Amino acid sequence: MRDFSHLDIVFALLWAARWTLLLSTIAFICGGVAGFLLMLMRISPFRPLKGISWVYLEIVQGTPLLIQFLLAFFGISILGIDISPWMSATLALTTFTSAFLGDIWRGSVESIPSGQWEASKALSMNYCQQLGLVILPQAVRRSIAPTVGFLAQVIKGTSLASAIGFVELARSATNITNVTFEPFFVYLVTAIVYFGICFPISVASRKLEKSLAY
């Protein structure tokens, strides 16, 4: 066994955090794109689209993220497709992110007074013009703070990817603990690293919420 100093442990965990940041960034971007499409489906006047998006959101939001990681890894493997832990983790976390962002943004759109729709319709705007020129600009303002706040949840959710063998911060902490036999120090540093990443995001979310409130 290699002898790790406490400084070695800290540097190893900081280095492992890059995979946590990379996974959460990719999932947040891809989930944001999918979430925007889900939001459009949820507010669509076409009932079949609303129904499909509602079922998707209920299933994803109603199941634990850990189970989604396991299903993405083992479920796809059952189909005979060789999928890596990295791809499985990205797929599961993107699915999770899309469902919650889609719901956050739907709520922001639906919080706009109905009079805004009626006024824009009176100006002979079609549905797309109403949504793009009148509703979405106001909804974006209202959704910024909860969207930024949710990013912290995505980052913390990456720790569950260790269950399928993806080596990010939490999995690295377990591997280092198995070598050093210093679980308290290792997990304490791990918690501090997560806190150091998520706390500024939470602060930014609260400040945005106050500054954008009206």
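Not measured: the values here are computed from a predicted model. By convention here, the first residue in the shown sequence is residue 1. Reckoned from all heavy atoms, side chains included, excluding hydrogens, waters and symmetry mates.
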Spell out, as yes or no, whether a donor-acceptor pair under 3.5 Å connects the side chain of Q153 to the backbone of G149.
no

Would the number of heavy atoms belonging to other residues, nucleotides or ligands and lying under 6.0 Å from CZ of F11 be above 12?
no

Heavy-atom count check: over 12 atoms from other residues, nucleotides or ligands less than 6.0 Å from N126 CG?
yes

Apply ring pair (Phe, Tyr, Trp, His ring centres under 6.0 Å) to F69 and F73, showing your working.
CA-CA 6 Å; F69 277 117; F73 185 66; over 10 Å; no

Which word best sums up how the rings of W86 and W19 line up, parallel for under 30°, tilted for 30 to 60°, or perpendicular for over 60°?
perpendicular

Is it the case that the side chain of Q61 and the backbone of A99 share a donor-acceptor pair, with hydrogens and angles ignored and the cut-off at 3.5 Å?
yes

When you measure from the side chain of Q68 to the backbone of T63, do you find a donor-acceptor pair of N or O atoms at a distance under 3.5 Å?
yes

Check whether R142 reaches the backbone of S111 with its side chain - one donor and one acceptor, N or O, closer than 3.5 Å.
yes

Side-chain heavy atoms under 4.5 angstrom apart, residues restricted to Ile, Leu, Val, Met, Phe, Trp, Tyr: same cluster for L93 and V167?
no

Is there a donor-acceptor contact under 3.5 Å from the side chain of R18 to the main chain of W15?
yes

When you measure from the side chain of S159 to the backbone N and O of A170, does any donor-acceptor pair fall under 3.5 Å?
no

In terms of ring plane angle, is the pair F199 and F195 parallel, tilted or perpendicular, where the classes change at 30° and 60°?
parallel

Donor-acceptor pair, side chain of D8 and main chain of S5, under 3.5 angstrom:
yes

Report yes if some heavy atom in the side chain of L136 is under 4.5 Å from a heavy atom in the side chain of V109; otherwise report no.
yes

Using modelled atom types and a 3.5 Å cut-off, is there a donor and acceptor pairing between side-chain atoms of S24 and backbone atoms of L21?
yes

S143 side chain to A139 backbone, donor-acceptor under 3.5 Å
yes

Same cluster or not: are L57 and W105 linked, directly or through other Ile, Leu, Val, Met, Phe, Trp or Tyr residues, by side-chain heavy atoms under 4.5 angstrom apart?
no

Group every Ile, Leu, Val, Met, Phe, Trp and Tyr by side-chain heavy-atom contacts under 4.5 Å, then state whether F184 and I176 land in the same group.
no

Within the side chain of S205, is there an N or O that forms a donor-acceptor pair under 3.5 Å with the backbone of A145?
yes

